Amino acid sequence: MDPVAALNEIAFWLERELAPTFKVQAFRRAAAVAAELEPDELAERARSGRLKNMKGIGASTFEVIRQAVDGEVPAYLVKVRERSAEPLAEGGRELHQALRGDLHCHSDWSDGGSPPQAMFDAAHWLGRDYLALTDHSPNLTIANGLSEERLARQLELVAEANAASDGLRVLTGIETDILESGELDQTPEMLDQLDVVVASVHSKLRSDRGTMTRRMLGAINNPRTNVLGHCTGRLVTGGRGTRPQSEFDAERVFAACAENAVAVEINSRPERQDPPDELIQLALDAGCLFSIDSDAHAPGQLDFLHYGAERAAKNGVPAERIITTWPVERLLEWCSQGR
């Protein structure tokens, strides 16, 4: 078995089960070290034990490499595969199978943990037809948001990835912060070059109902906005603690989404579960479209779509109203309307 592939697959399954970051990164680092060596040299170092002395190789990762170069499926990989044999969620399996893509993920260009190509490879491995790379915008400095210049460079990277792709279509995108004024946090010229624009509130989440409503409506009424991301901003569990949902006039916001062809995101991150069920119902009644997205910050988290599909199915959202079930040509045509 290829030892680099084994190390990366272990990291994927650990990310999927929300293992501590240090544990995931140990396998990612070891994979990077192993990839720098010629296969014969890697095998010789593993069999002689010299590999243990290389920076970035620990006891567990050494054993994975040693077993892989000897033609075995590493025991550690067997163990994590067994733990991950079942889908993450019991419900929504049929809807999950209907999903073709994912319009919200992050790479190490902003606050993600892996290079874009690692995200693309994982999406392809999971059978996605398309994936939008939506790193953060410049106002979110804590997340290393992309300036206009950096975003322009990322568009070149995406073009190169698509030219070399054997199936996955990578879409250009951004998760742009909704500024306090309701404006989108990137130049109109750059937004016009993107396939997908996800607009989300990331600051002053405890603003009063009227202020937050006006702010969100400003972004929704912008013809460049395609998806309203994690609309309440709540956190219900996880290492960052909990956070109550923002207050806004949901009926007005969802009516504007329906009128302006802005999809309401069903964010699949388990710590978000955003929107809450009652708001999904309001959006459904308002005639909104939806986008089930992973909001992945690591390759293994791309599989979080199971959670979003389960919540959508539980709330009776039909597949035809979920834009991430659409073929990429239909999706792109819809995204470009009004620009």
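Computed from a prediction, not measured in an experiment: that's the story for all the values here.
Grouping the Ile, Leu, Val, Met, Phe, Trp and Tyr side chains by contacts below 4.5 angstrom, directly or via other members, places Leu194 apart from Ile178. When hydrophobic clusters are built by joining Ile, Leu, Val, Met, Phe, Trp and Tyr residues whose side-chain heavy atoms come closer than 4.5 Å, directly or via intermediates, Val198 is grouped together with Leu289. The hydrophobic clustering, which links ILVMFWY residues whose side-chain heavy atoms are closer than 4.5 Å, places Phe27 and Leu77 together. Leu331 and Ile322 fall into different hydrophobic clusters, where Ile, Leu, Val, Met, Phe, Trp and Tyr side chains are chained together by heavy-atom contacts under 4.5 Å. Hydrophobic clustering of Ile, Leu, Val, Met, Phe, Trp and Tyr side chains at less than 4.5 Å, counting indirect connections, keeps Leu99 apart from Val196.
Side-chain atoms of Glu271 never come within 3.5 Å of backbone atoms of Gly239 as a donor-acceptor pair (strictly under, hydrogens ignored). Side-chain atoms of Thr325 do not come within 3.5 Å of backbone N or O of Ala98 as any donor-acceptor pair. A distance-only check finds no donor-acceptor pair linking the side chain of Thr61 to the backbone of Ile57 [under 3.5 Å]. Not a single donor-acceptor pair under 3.5 Å links the side chain of Asp102 to the backbone N or O of Leu131. Side-chain N or O atoms of Ser336 include one that pairs as donor or acceptor with a backbone N or O of Glu333 at under 3.5 Å. Between the side chain of Asn226 and the backbone N or O of Val197, at least one donor-acceptor pair lies under 3.5 Å. Checking side-chain atoms of Thr225 against main-chain N and O of Ala199 turns up no donor-acceptor pair under 3.5 Å. No donor-acceptor pair under 3.5 Å is formed between the side chain of Arg234 and the backbone N or O of Ser246.
The side-chain heavy atoms of Pro138 and Gln186, taken from C-beta on, include a pair separated by under 4.5 Å. Using a 4.5 Å cut-off on side-chain heavy atoms (C-beta onward), Arg81 and Val73 make contact. Counting only heavy atoms from C-beta outward, the side chains of Met212 and Arg206 never approach each other to under 4.5 Å. Tyr130 has its side chain out of reach of Leu332: every pair of non-hydrogen atoms, C-beta onward, lies at least 4.5 Å apart. You'll find the side chain of Leu284 reaches within 4.5 Å of the side chain of Phe290, heavy atoms only. Taking the side chain as every heavy atom from C-beta outward, Phe12 and Leu126 approach each other to under 4.5 Å. Leu171 is listed as a side-chain neighbour of Val328, based on a closest heavy-atom distance under 4.5 Å. The shortest distance between side-chain heavy atoms of Ser294 and Gln301 does not fall below 4.5 Å.
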Assess whether side-chain hydrogen bond (donor to acceptor under 3.5 Å, both in side chains) is satisfied between Asp121 and Gln117, documenting all intermediate values.
CA-CA 6 Å; Asp121 291 343; Gln117 190 59 52; 2.9 Å; yes

What do the steps show when you test Trp13 against Glu17 for side-chain hydrogen bond (donor to acceptor under 3.5 Å, both in side chains), and what is the final call?
CA-CA 6 Å; Trp13 295 121; Glu17 64 186 39; over 6 Å; no

Test side chain to side chain contact (heavy atoms under 4.5 Å, CB included) applied to Thr134 and Leu103, step by step
CA-CA 7 Å; Thr134 55; Leu103 302 184; 5.9 Å; no

Residues Asp208, Thr211; criterion side-chain hydrogen bond (donor to acceptor under 3.5 Å, both in side chains); working and verdict:
CA-CA 5 Å; Asp208 65 81; Thr211 298; 2.9 Å; yes

Set out, in order, the CA-CA distance, both residues' side-chain angles and the distance that settles side-chain hydrogen bond (donor to acceptor under 3.5 Å, both in side chains) for His230 and Glu175, then state yes or no.
CA-CA 11 Å; His230 49 69; Glu175 184 185 16; 3.0 Å; yes

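The number of heavy atoms from other shown groups lying within 6.0 Å of CD (Glu44) is above 12. No more than 12 heavy atoms of other residues, nucleotides or ligands lie within 6.0 Å of CZ in Arg252, so this atom counts as exposed by the packing criterion. Crowding of Glu36 atom CD: a count of heavy atoms from other residues, nucleotides or ligands under 6.0 Å not exceeding 12. For CD of Glu251, the number of neighbouring non-hydrogen atoms (other residues, nucleotides, ligands) closer than 6.0 Å is 12 at most. Crowding of Gln25 atom CD: a count of heavy atoms from other residues, nucleotides or ligands under 6.0 Å exceeding 12. Within a 6.0 Å radius of CD in Gln337, other residues, nucleotides and ligands contribute more than 12 heavy atoms. Within 6.0 Å of atom CD in Glu259, 12 or fewer heavy atoms from other residues, nucleotides or ligands are found, so the atom counts as exposed in its surroundings. The 12-atom threshold is exceeded at CD of Glu278, counting heavy atoms of other residues, nucleotides or ligands nearer than 6.0 Å.
Of all the heavy atoms in Thr324 and Ile292, the pair that sits closest is OG1-N, 3.3 Å. Residues Gly173 and Leu151 share a closest heavy-atom pair of O-CD1, 4.1 Å. In plain terms, the two heavy atoms of Ala313 and Gly92 that are nearest each other are CB-CA, 3.7 Å. Across Val24 and Ala19, no two heavy atoms sit closer than the pair CG2-O, 4.2 Å. Closest approach of Cys105 and Ala132 over heavy atoms only: SG-O, 3.4 Å. Closest of all the heavy-atom pairs between Gly145 and Arg150 is O-NH1, 3.3 Å.
In the model, Ser110 has a side-chain atom that pairs as donor or acceptor with a side-chain atom of Asp135 under 3.5 Å. Residues Asp195 and Thr172 bring a donor and an acceptor atom of their side chains to less than 3.5 Å of each other. Between the side chains of His124 and Asp166, at least one donor N or O sits under 3.5 Å from an acceptor N or O. Looking at Arg214 and Ser207, their side chains never bring a donor and an acceptor atom within 3.5 Å of each other. With 3.5 Å as the limit, one finds a donor-acceptor pair spanning the side chains of Thr232 and Asp274. With hydrogens and angles left out, the side-chain atoms of Ser291 and Asp293 include a donor and acceptor closer than 3.5 Å. Side-chain N/O atoms of Asp295 and Asn267 include a donor and acceptor closer than 3.5 Å.
Each of Arg169, Arg330, Arg100 was checked for a salt bridge (charged side-chain N to carboxylate O under 4.0 Å, His left out) with Asp129, and the lone residue meeting it is Arg100. For the side chain to side chain contact (heavy atoms under 4.5 Å, CB included) with Pro275, the lone residue among Val264, Asn315, Leu282, Leu228 that qualifies is Val264.
Between His106 and His104, the ring planes are perpendicular. Angles over 60° get that label, and only those under 30° would be called parallel. Below 30°, between 30° and 60°, or above 60°: for His136 and His297 the angle between ring planes is between 30° and 60°, a tilted geometry. Classification of the Trp334-Trp326 ring pair by plane angle, with boundaries at 30° and 60°, yields perpendicular.
A salt bridge links Glu15 with Arg28: at least one charged nitrogen is closer than 4.0 Å to a carboxylate oxygen. Using a cutoff of 4.0 Å between basic side-chain nitrogens and carboxylate oxygens, Arg66 and Glu63 are scored as salt-bridged. Ion pairing between Asp70 and Arg47 holds under the 4.0 Å rule for side-chain N and carboxylate O.
In this structure, the separation between CG on Asp177 and CD on Glu180 is 9.5 Å, given to the nearest 0.5 Å.
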